[in-house]
Number of protein chains: 2
Amino acid sequence: MDKKTKELYKAKADVLKALGHPTRLWMAEQLSEGERCVCEFVKEIDADFSTVSKHLNILKQAGIVEDEKRGLNVYYKLKVPCILNSMSCVEAVLSAKLKSQIDMAK
Amino acid sequence: MDKKTKELYKAKADVLKALGHPTRLWMAEQLSEGERCVCEFVKEIDADFSTVSKHLNILKQAGIVEDEKRGLNVYYKLKVPCILNSMSCVEAVLSAKLKSQIDMAK
DNA sequence: AAACTATTTGGCTATTATACCAAATACGAC
DNA sequence: GTCGTATTTGGTATAATAGCCAAATAGTTT
């Protein structure tokens, strides 16, 4: 595999990796309903302000969300909304997995 | 956020996390063209046999691929092929990101 | 300008992930 | 059964990630 290909797969994997964390995935899904400010996320998750901020930054670096400061608050929104289209298939993976486990137990 | 919801997002994130590694993503995409045995992957990537095997195991644990032993070889194939549908959007994220970077540089 | 609020950054530690090597296992050929 | 090949497993060193705290920054209010 050549260097260019490696870099491309690294870049693509980084996008998926950014979504590969429960908190970040949840936040991304929340954003599909519209923009949120950091404080709204902090209220709903039991986590430190700095933790939430860092997670949002990872999503931003990945190119999934963008932020805008208005007054004291920073609002985040999805930059490329299609990123959540894949979730129905992720759920299909989970059902298939659950099914296998049930079959296994029989 | 309640415990059930947390567990669901953990499960969904784990699927995405499994694809969030260059080597694993590449292998998954290869499998979209048909099954492959471990040795075929090893030939194409510059990595140890055990490394490849472990990556495939992570994809298997995530429920993305399944394996079948035939003779000396173990063949892997996609269990839920739709999982690669999202790749066009991942590429859209990358183009959008690239575009931002170019605008930024102006 | 001082006080207050929202957010980010830096530092630290604990946990997890990655990759290699060596050893173990599974299977087929002889 | 012994040998050779394909794959997995265990061990270990290194690197990356996550989450908390404290400090820094940015904007608002008074």
Side-chain angles (χ1 to χ4, degrees), chain A residues 1 3 6-7 9-28 30-31 35-77 79, chain B residues 1 3 5-7 9-28 30-31 35-77:
Chain A
M1 191 159 29
K3 207 184 156 194
K6 257 186 191 166
E7 276 171 22
Y9 276 93
K10 168 87 170 64
K12 293 202 278 186
D14 279 344
V15 175
L16 294 166
K17 191 163 74 165
L19 292 170
H21 184 287
T23 304
R24 291 195 294 264
L25 183 58
W26 176 81
M27 293 195 299
Q30 295 297 304
L31 292 180
E35 63 171 24
R36 297 281 145 85
C37 77
V38 185
C39 59
E40 289 176 282
F41 286 130
V42 173
K43 263 179 228 153
E44 293 195 56
I45 326 169
D46 186 28
D48 199 78
F49 228 112
S50 67
T51 302
V52 173
S53 174
K54 275 174 189 173
H55 278 311
L56 284 165
N57 188 248
I58 289 170
L59 289 173
K60 185 182 164 187
Q61 294 307 319
I64 296 165
V65 305
E66 54 191 354
D67 61 344
E68 188 191 347
K69 184 153 199 172
R70 289 204 299 276
L72 272 179
N73 300 301
V74 178
Y75 291 89
Y76 281 84
K77 66 177 172 193
K79 194 174 175 184
Chain B
M1 193 163 22
K3 205 183 159 193
T5 309
K6 259 186 190 165
E7 277 172 22
Y9 276 93
K10 167 89 171 66
K12 292 202 280 185
D14 279 344
V15 175
L16 294 167
K17 191 162 72 165
L19 292 170
H21 185 286
T23 304
R24 291 195 294 266
L25 183 59
W26 177 80
M27 293 196 296
Q30 294 298 303
L31 292 179
E35 64 172 24
R36 297 281 145 86
C37 77
V38 185
C39 59
E40 289 175 282
F41 286 129
V42 173
K43 262 178 231 155
E44 293 196 56
I45 326 169
D46 184 27
D48 199 79
F49 228 112
S50 66
T51 302
V52 173
S53 175
K54 277 173 188 171
H55 278 310
L56 285 164
N57 188 248
I58 289 170
L59 289 173
K60 186 182 165 186
Q61 295 306 319
I64 296 166
V65 304
E66 55 191 353
D67 60 344
E68 189 193 346
K69 186 154 198 172
R70 291 204 300 276
L72 272 180
N73 301 302
V74 178
Y75 291 88
Y76 282 85
K77 66 178 171 192

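All chains are named by letter (A, B, ...) in the order of the sequence lines, taking the proteins before the strands, and each is independently numbered beginning at 1. What you see below is based on every heavy atom in this structure, not just the backbone, and it leaves out hydrogens, waters and symmetry mates.
Listed by first then second residue, pairs satisfying salt bridge (Lys or Arg N to Asp or Glu O under 4.0 Å) with a partner in residues 68-77 of chain B read B:E35-B:R70, B:E68-B:R70, not counting sequence neighbours. Sorted by first and then second residue, the pairs that involve residues 12-28 of chain B and meet salt bridge (Lys or Arg N to Asp or Glu O under 4.0 Å), not counting sequence neighbours, are A:E29-B:K12, A:E91-B:K12, B:K10-B:D14.
Whole-Å rounding puts the B:R24 CZ to C:dA19 P distance at 8 Å. If you measure from atom NZ of A:K43 to atom C1' of C:dA6, you get 11 Å, rounded to the nearest angstrom. Between the CZ atom of B:F49 and the C1' atom of C:dT18 there is a distance of 19 Å, rounded to whole Å. In this structure, CZ of A:F41 is placed 14 Å from C1' of C:dT7, rounded to the nearest angstrom. Remark: C1' of C:dA17 and CG of B:L59 are 14 Å apart, rounded to the nearest angstrom. Taking atom CE on B:M27 and atom P on C:dT18, their separation rounds to 11 Å, with Å as the unit. The CG atom of A:D67 sits 11 Å away from the P atom of C:dT7 (whole-angstrom rounding).
When each of A:T51 and A:N73 is assigned the nucleotide of DNA chain C with its nearest heavy atom, A:N73 is the one assigned upstream, toward the 5' end.
The aromatic rings of A:W26 and A:F41 sit perpendicular, their planes meeting at an angle over 60°, well past the 30° parallel limit.
Smallest separation of non-hydrogen atoms from A:A18 and A:I58: CB-CG2, 4.1 Å. Nearest heavy-atom pair across B:V65 and B:Y76 is CG2-CD2, 3.8 Å. When every heavy atom of B:G20 is checked against every heavy atom of A:L16, the shortest pair comes out as CA-CB, 4.1 Å. In terms of heavy-atom proximity, A:C39 sits nearest to A:N73 at SG-OD1, 4.0 Å.
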(request) For each nucleotide in nucleotides 24-30 of chain C, reading 5' to 3', give B when a protein heavy atom comes within less than 4.0 Å of its base, S when such contact involves only the sugar-phosphate, and - otherwise. (result) --BBS--
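Counting any heavy atom pair closer than 4.0 Å across all strands shown, A:I45 reaches no nucleic acid atom. Using a 4.0 Å heavy-atom cutoff across all strands shown, B:Y76 reaches sugar-phosphate atoms only and no base atom.
Formation of a donor-acceptor pair under 3.5 Å by the B:E40 side chain with backbone atoms of B:C37 is found in this model.
Considering CG of A:L59 and NZ of A:K79, their distance stands at 12.5 Å, rounded to 0.5 Å. In this structure, CG on A:L25 lies 12.0 Å from NE2 on A:H55, to the nearest 0.5 angstrom. Rounded to the nearest 0.5 angstrom, B:L56 CG and B:I64 CD1 are separated by 11.0 Å.
Contacts with DNA chain C (heavy atom under 4.0 Å) in residues 10-17 of chain B: B:K17, listed by number.
Contact check, B:H55 against C:dA17: no side-chain N or O comes under 4.0 Å of OP1 or OP2. For C:dA19, one of the phosphate oxygens OP1 or OP2 lies less than 4.0 angstrom from a side-chain nitrogen or oxygen of B:H21.
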Name each donor-acceptor pair under 3.5 Å that joins a side chain in residues 47-54 of chain A to protein atoms two or more places apart or in another chain, with its distance.
residue: A:D48; atom: OD2; partner: A:S50; partner atom: N; Å: 3.0
residue: A:D48; atom: OD2; partner: A:S50; partner atom: OG; Å: 2.6

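Extent of DNA chain D lying under 4.0 Å from chain A heavy atoms, first and last nucleotide in 5' to 3' order, is D:dT17 to D:dT28.
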